[in-house]
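Worksheet: the structure to be examined is printed underneath.
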Amino acid sequence: MANPVFKEVKVRKPADLEKNVLSFWEKENIELKVREKMKGGKIFVFCEGPPTANGQPHIGHVLTRTSKDAFLRYKIMNGYEIFPYKAGWDCHGLPVEIEVEKELKISGKKKILELGIDKFNAKCKASVFKYKSLWEAMSKRMAFWLDYEHPYITMDDAYIESVWWSLKELWKRGLLEKSYYIVPYCPRCGTPLSSHEVAQGYETARDPSIYVKFKLQDEEAFFLVWTTTPWTLLSNLLLAVHPEVDYVLVEKDGEKYYLAEALAKPVLENFIVIKRVKGSELVGKRYEPLFPYGKALGKVHYVAAGDFVGTEEGTGIVHIAPAYGLDDYELCKKENVPLLNLVDETGKFIDTVENYTGMFVKDADKHIIQELKERGVLYRAGTVEHTYPFCWRCDSPLLYYALNTWFIRTSKLRERLITNNEQINWVPEHLKHGRFGNFLEEVKDWALSRNRFWGTPLPIWRCNCGHEVCIGSKKELEALAVEPLPQNFELHRPFVDAVRIKCEKCGGAMKREEYVIDGWYDSGSAPFAQFHYPFENKELFESRRPVEFISEALDQTRGWFYTLHAISTLLFDMPAYKNVVCLGLILDDKGQKMSKSRGNAVEPMAAFEKMGADVIRFYFYLTPLWNTSRFSEAMVNATAGKMFNTLLNVYSFFVSNANVDGFVPSGKESEDLLDVWLLSRLHSTVRAVREGFDTYNVHIGARAIENLVADISNWYLRLSRRRFWEDTGSKHEGYETLYTVLTTLSKLLAPLAPFAAEELYQNLVRSVKPEAPESVHLCEFPAADETRIKPDVERHMKKVMELAEVGRNLRQSRGIKLRQPLAELFVVGEPEATKPLGPYIQYLAEELNVKNAVFAETVPAGDAYLVGEHENLKIVLNIQIDENLKYEGLAREVVRRIQTLRKTLNLEYTQKIETGYLASPEIEKAIEVYRDYIMHETLSEKLEKGENSGKMEKWKIYEMDLTVWVKPL
RNA sequence: GGGCCCGUAGCUUAGCCUGGUUGGAGCGCCCGGCUGAUAACCGGGAGGUCAUGCGUUCAAAUCGCAUCGGGCCCA
């Protein structure tokens, strides 16, 4: 054997291969070299969506990182500089506080205040990076490259300062205001919850369902009203009807009721209709309040028009209590009806409420129902099952509750939000005008403040005289502070709470509004706050926006995707990003949501170890990134795992054979048709992969690669075996082609499967070209050479592949083994159909093991001919086997047996042997006739009748005996 | 209650935008074969009311409407 050029392929487990590659990258500092290399390239603006490092990463995060990494690597290989190439961490918010509460075994605001905000927040700060090292380890293990040494961190003073700057900008423009606002509120935890948190806690609940009678002031009739929250009736101020809906006045059991016509039957069953009116005609009618608490508020207790009133359930007449519902609140605002709140912050009725003082509202329901019944104003009472939000951490039912809250008037910029959205390329496209667009159409003001502790402090100071200032920087705060800021000052509670500012209106001491802000505002500020804009990097940021590409999961539509867009529109009146790839959810193999409690969650590090990071990455690339997809070991192995297995085998085949022949690539081109075909397939694949990346349809490229690998293995290599095993004249060309294909494939795979790509590249390229870039990730991404793409060649070869299938079928139908050579086959068809196939018919002969393959215009007649059809062609096999063919067939049987024996002996390919045999006369004859052939195929130096001292095995072939001894030399 | 997405074989899916041969493929299953690169491969088979209904059309998996089912988001 010549000196091996390439390292033999031994590693069979992806995880082992990947670990070798990881240590190579580490040892040679490849990541840093890639960063160096990309510098000076055309800028590709990116922004990492910051994960919360105090939660553990799950498989969904692997998808996110898989997606980002592929695009970034692709861009880098195309000469771009990714900017900023920074990781980021989201640090603030309730999740962190909850972790700390658990850690300290305390619960609730009261306990935190007892402990001290300073101590509590110090704990939070320490807890923020609880899983940072796990996140970093995971990112490293799956090769998601970014600068983790210089990440942006949302709790850094510089970051917070940028956020403060932005808030002051809004405040100056009157877009940041304090007002009552209806928020989902947990009475036990004492804080409003974000929409995210609420979404986690919807459960089926059984609530009262009651029909209440409201007596009209000037008419002997009632409005019939339905509610599931009896406790809100105490605060009733209005009734609402839909102005366009038809209502009826009906009589039943001697009483008269107004209600929606469509609901009269389901609610009342039988009744007499007195008259029919439009909702608009009811508007303005006054009624007698059920409870006295609203009476002092001026003009209340009348019917108002509300578009939100539906006729699917209830009575079409909705009771309105402005403090406990968003529709209610907004309607009252429109009608100039003040707020009436009879409930305190713990969800209990306040002192002014008779009978129910101090009672938790949900507990009061049954008593209120009883009272209504006794007073004769209850038409009917029952229960209803519906979904209702519960606090995801303490399980209390949430209340929609009017809180004095700071909020951003996003609704004022609705038109700009919509216009700027037009400039964004959404992938998949339907989100643009679907989920996201609809959300913008109905955008609500953004409730910004949180009555909590760990977060960016709201930079607003307020004086008792009502004067307010918003602070936009640390310097400004220093300048206005009555006392100098302490040494250890930071832009967090409680430090900022202690700062007093002298009121310029009355000279009094202004105190900070003791809120922190919604953590989503922090992350939505990332594009500029990570640069400490505008305090630093002003020109840099302004010249490099918007962000070119972001990618996160679908749940960020109303999360990060929205907050980025909103903040950028508010501050700069431009979109924050140009392209957004929105990833689907990952479910388990049964289509169930993954969760720790279900026990079906996949732990990323364990999955990488088991299946390999490349394999998992590739699995994700095989289906559209935005599809909801299932994930299980079996599914991953069946698709991506199979592809890599095949690739690894092709690669290993090439290496061992090339080494045997001492192949050194010269770059010489092959004119052999099979090679021309494979190169055409290769360049078609390159084109597909590029198109896939450029249009964010990575799956198209990934599938193209999958098909190419299958073609190499199942067609090219099958037909080339002979070439490589015995030199038929084009062996070297075959190696050249295979070499080109594998090395190009390594670059094609680099963004998708960075480990396997590196392994191929190091062993195939670096070993023979020390001057080549040190890593595949420092290479240029391949360009499709259009001149090599030959659609005709691919089409004709495809036809031959299909004809081969028909031919195999024919053989099998008569039980004629492929190993048995046949004399001839015909491809029958019109000359114009068969002519282009001329150069390809040899492959058909080879694949079907036929001596002679020719074209014909008519099917030959006779029993010996088997006919199969494919499209406009027929394929005809002559199945007559003469003596010579029979012996050749037998000889091949003998060869196969000896080869099997070689394999069981675990012999090297090149190991020479001595072979002895005993056989039935027919086989003996075959061995004699084909002696040279058998010796050559099996590397037998000697082939003699009789026993030798080697390994013996016996077989039956067509009822004949064969015994063989194989002795390695 | 509203919005959006999705329903093609047991599973994963191609085809749908731009209507036109008997709706392809892979996995799995059953039967058979092959195997000195391959836990690979090859041949055959079973398995589809293209979710359902109505409509448009000479023609519908494909276009439209409705319904049902699943998912996500929001109330």
Side-chain angles (χ1 to χ4, degrees), chain A residues 9 12 182 184 195-196 198-199 202 308-314 325-327 386-389 400 428-439 441-442 444 553-559 562 582 584-585 587 589-593 619 622-624 626-630 632 634-639 641-643 645-657 699 703 706-707 710 712-715 717-718 720-721 724-725 804-813 815-819 847-848 871 895-896 898-911 937-939:
Chain A
V9 183
R12 304 305 298 188
I182 306 295
S195 54
H196 233 70
V198 176
Y202 276 93
F308 54 85
V309 177
T311 52
E312 266 78 31
E313 55 181 5
L326 195 51
D327 287 333
H386 59 165
T387 54
Y388 193 84
Y400 284 85
E429 213 212 321
H430 62 79
L431 291 167
K432 182 174 185 166
H433 296 119
R435 187 179 290 199
F436 194 72
N438 290 341
F439 183 59
E441 301 273 351
E442 296 164 35
K444 300 271 180 351
L554 187 67
D555 56 353
Q556 297 298 334
T557 313
R558 285 162 192 214
Y562 170 67
C582 200
L585 293 172
L587 308 173
D589 59 338
K590 292 181 190 72
Q592 297 278 306
K593 216 169 169 174
Y619 175 75
L622 279 171
T623 43
W626 51 88
N627 272 187
T628 306
S629 58
R630 301 184 183 190
S632 75
M635 287 194 279
V636 172
N637 284 335
T639 54
K642 203 182 117 185
M643 194 291 269
N645 187 37
T646 310
L647 177 62
L648 216 60
N649 286 319
V650 170
Y651 161 59
S652 136
F653 173 89
F654 169 79
V655 165
S656 44
N657 283 280
H699 62 285
R703 287 176 190 176
E706 193 187 26
N707 289 333
I712 303 171
S713 174
N714 296 339
W715 190 252
L717 232 49
R718 276 170 76 88
S720 297
R721 267 188 194 157
F724 294 126
W725 190 236
E805 195 175 320
V806 178
R808 285 190 212 105
N809 190 359
L810 288 178
R811 292 189 72 118
Q812 174 135 330
S813 69
I816 305 165
K817 291 181 177 182
L818 210 48
R819 210 179 293 126
E847 182 62 19
L848 293 175
E871 292 174 354
V895 168
R896 209 217 103 206
I898 300 173
Q899 302 291 35
T900 310
L901 197 44
R902 285 185 65 109
K903 198 176 183 180
T904 48
L905 287 169
N906 239 336
L907 301 185
E908 291 290 323
Y909 293 107
T910 47
Q911 175 69 50
E937 288 291 311
T938 59
L939 295 181

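The figures here come from the full heavy-atom set of this structure, side chains too, leaving out hydrogens, waters and symmetry mates.
Within the shown strands, B:rC27 is the pairing partner of B:rG10 under the Watson-Crick or G-U definition, both distances less than 3.5 Å. Across all strands shown, B:rG71 is found opposite B:rC4 as a Watson-Crick or G-U wobble partner, with both distances under 3.5 Å. In this structure, B:rU57 makes no Watson-Crick or G-U wobble pair, since no nucleotide meets both defining distances under 3.5 angstrom.
For B:rC27, one of the phosphate oxygens OP1 or OP2 lies less than 4.0 angstrom from a side-chain nitrogen or oxygen of A:Lys642. The shortest distance between the side-chain N/O atoms of A:Arg435 and the OP1/OP2 oxygens of B:rC4 is not below 4.0 Å. OP1 and OP2 of B:rU38 both lie 4.0 Å or more from every side-chain N or O belonging to A:Asn645.
Comparing B:rG44, B:rU13, B:rA37 by their nearest atom to the side chain of A:Asn649 picks out B:rA37. For A:Phe653, counting side-chain heavy atoms from C-beta on, the closest listed nucleotide (B:rA37, B:rC11, B:rC4) is B:rA37. With B:rA37, B:rA14, B:rC11 as the choices, the nucleotide that has an atom nearest any side-chain atom of A:Met635 turns out to be B:rC11.
Within the nucleic acid shown, A:Leu717 comes within 4.0 Å of at least one base atom, counting heavy atoms only.
Comparing B:rC11 with B:rA59, their C1' atoms are spaced 33 Å from each other, to the whole Å. The same atom, C1', is picked in B:rG69 and in B:rA14; the two are 23 Å apart, to the nearest Å.
A donor-acceptor pair is defined here as one N or O able to donate and one able to accept, closer than 3.5 Å; no such pair exists between the side chain of A:Asn809 and the backbone of A:Glu805.
In the interface, the side chain of A:Ser713 is paired with the base of B:rA37 through a donor and an acceptor atom under 3.5 Å apart.
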